[in-house]
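On a predicted model such as this, the values are computed, not experimentally measured, just so you know. All heavy atoms count here, side chains included; hydrogens, waters and symmetry mates do not. We name chains A, B, ... by the order of the sequence lines, and we start the count at 1 in each one.
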Amino acid sequence: MTDLTLPIARQRPLDPPDEIIELGRQGSMHRMTYADGHLGWLVTGYAAARAVLADPRFSNRPDDMHPPIASRADLLKKGEFRVPPGFFLRTDPPEHTRYRKLLTGQFTVRRMKMLEPRIAEITDACLDVMEAAGGPVDLVQAFALPIPSLVICELLGVPYEDRARFQEDARVLVNLETKADDAVAALGRTMAYLHELIQRKRKEPHDDLLSGLIEGGELNDEELTGVGFLLLIAGHETTANMLGLGTYALLTNPGQLAALRDDPAVVDNGVEELLRYLTIIHLGPFRVALEDVEIEGNLIKAGEMVGVHLPAVNRDPSRFPEGDTLDVTRPATGHMTFGHGIHQCLGQQLARIEMRIAYPALLRRFPGLRLAVTPEEVPMRSDMSIYGVHSLPVTW
Amino acid sequence: MEIKADTTVCIGAGMCALTVPQVFDQSEDEGTVVLLLQGEVPEELEDSVRRAVTLCPSGAISAS
């Protein structure tokens, strides 16, 4: 047995837990006890993480998984929280391949670049409202959440004015303290909403991604609902938290903020560095071994869980020297914030473009942007499976 | 330098097209890798091509 269980509490808001930092110093792979007593692994090293996530001998299907933390244990009990059909993140090939290939054409670098003018327009509109209202405002509600939310709604063809019907449930689903019953109910509500929307679109198609998938005829309504759910949640809870937490990180590192604001040539790499340094996917991903696999001399037995600690991996000193420092000019590509292997983020090129537009637009519109509270008063999302700030009071 | 691309392995993450758009593109329908260059890779792009190979999440491209 091992005494190690997954630590979550952070001592400093932008650094992984101290126990994780110490583990990373000791090695790249560690035995870890999961919440149901299962003895599995935790990976903190960059090379080992890449090896695990690229290896088809590890599954991402939920069936044989063990919960990493206690609050998720009852959620994983068989039958209580079924992964919906079409939620292809939690499938393996060839099932995964079938869904992913239907979508990849919609998220190419070129297609996402075509959205630039519209994203810039949405960003400017948010900034106009902020400017007219005057500070202080909560940057999450005024900027970080509405930009990606509007963009993904328009892309999918989900009416933005319906957002009250899924944004709150998305929060419930990523909250680590949500009870199983509440999670099942939240999932049920959002799925019912999307199922109804799919049926409406079947009768009355528009020029959007979901209508296109319906027209393609490859997926039934249940699968379409699952795909829509995955894309909607993934489009909401990710970039929104990067924009909120990233702004917090910049406001507490004024030299980095100035570099990103004043030099357009820094922006693209600066976004990669914020992705690396902040690593908002802070609990996982997790895989289960389908057969015995040896990684860096460690034998992972069939049935054993492997957790990849992305915040630690993205600060592995062998890959990112002085990784505990935010430096928007360091070569930051190669970070694993979007994952690695076949499940690497489908929407990553959209996320990049949103951030490349939104951060500099915010910083240039309000050169005097500052926190309206002390840094210690900003509520961090330690209780959510995706890290960030719950709110960010700012003024200018 | 010779580049090989395997569209059956490709998952359309777009890292190659993002890194070296002079060499890699993505198909309209499936978003999988398309090689834009026939023949030799210009020397000044070789480092970027190597970086793209490393960044590819699915091992769909190789360079030798």
Chain B neighbours within residues 336-355 of chain A, where any heavy atom lies under 4.5 Å away: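 Expected list: A/His340, A/Gly341, A/Ile342, A/Gln344, A/Gln348, A/Gln349, A/Arg352.
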
Proximity of residues 101-113 of chain A to chain B, residues having a non-hydrogen atom under 4.5 angstrom: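 Interface residues of residues 101-113 of chain A: A/Lys101, A/Thr104, A/Gly105, A/Thr108, A/Val109, A/Arg110, A/Arg111.
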
Classify the side-chain pair [X]/[Y] by whether it contains a donor and acceptor separated by less than 3.5 Å.
X: A/Asn60; Y: A/Arg287; value: yes
X: A/Glu218; Y: A/Tyr99; value: no
X: A/Ser28; Y: A/Glu296; value: yes

B/Thr32, part contacting chain A, at a heavy-atom distance under 4.5 Å: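 B/Thr32 touches chain A through side-chain heavy atoms alone.
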
Would you say [atom1] of [X] has more than 12 non-hydrogen atoms from neighbouring residues, nucleotides or ligands within 6.0 angstrom?
X: A/Glu215; atom1: CD; value: no
X: A/Glu322; atom1: CD; value: no
X: B/Glu43; atom1: CD; value: no

Parallel, tilted or perpendicular, as decided by the 30° and 60° cut-offs, for the rings of A/Phe320 and A/Tyr46: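 Aromatic pair A/Tyr46/A/Phe320 classed perpendicular.
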
Shortest non-hydrogen contact from A/Val227 toward A/Gly86: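 For A/Val227 and A/Gly86, the tightest heavy-atom pair comes out as CG2-O, 3.3 Å.
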
Nearest heavy atoms of A/Leu310 and A/Ile281, plus distance in Å: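 Where A/Leu310 meets A/Ile281 most closely, the heavy atoms are CB-O, 3.7 Å.
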
Main-chain N/O of B/Gly31 paired to B/Ser27 side chain as donor or acceptor, under 3.5 Å: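 Checking the backbone N and O of B/Gly31 against the side chain of B/Ser27, a donor-acceptor pair under 3.5 Å is found.
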
Max heavy-atom pair count under 4.5 Å with chain A, selected residue of B/Ala17, B/Cys56, B/Gly12, B/Ala13: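 If we count pairs closer than 4.5 Å to chain A, B/Ala13 comes out on top.
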
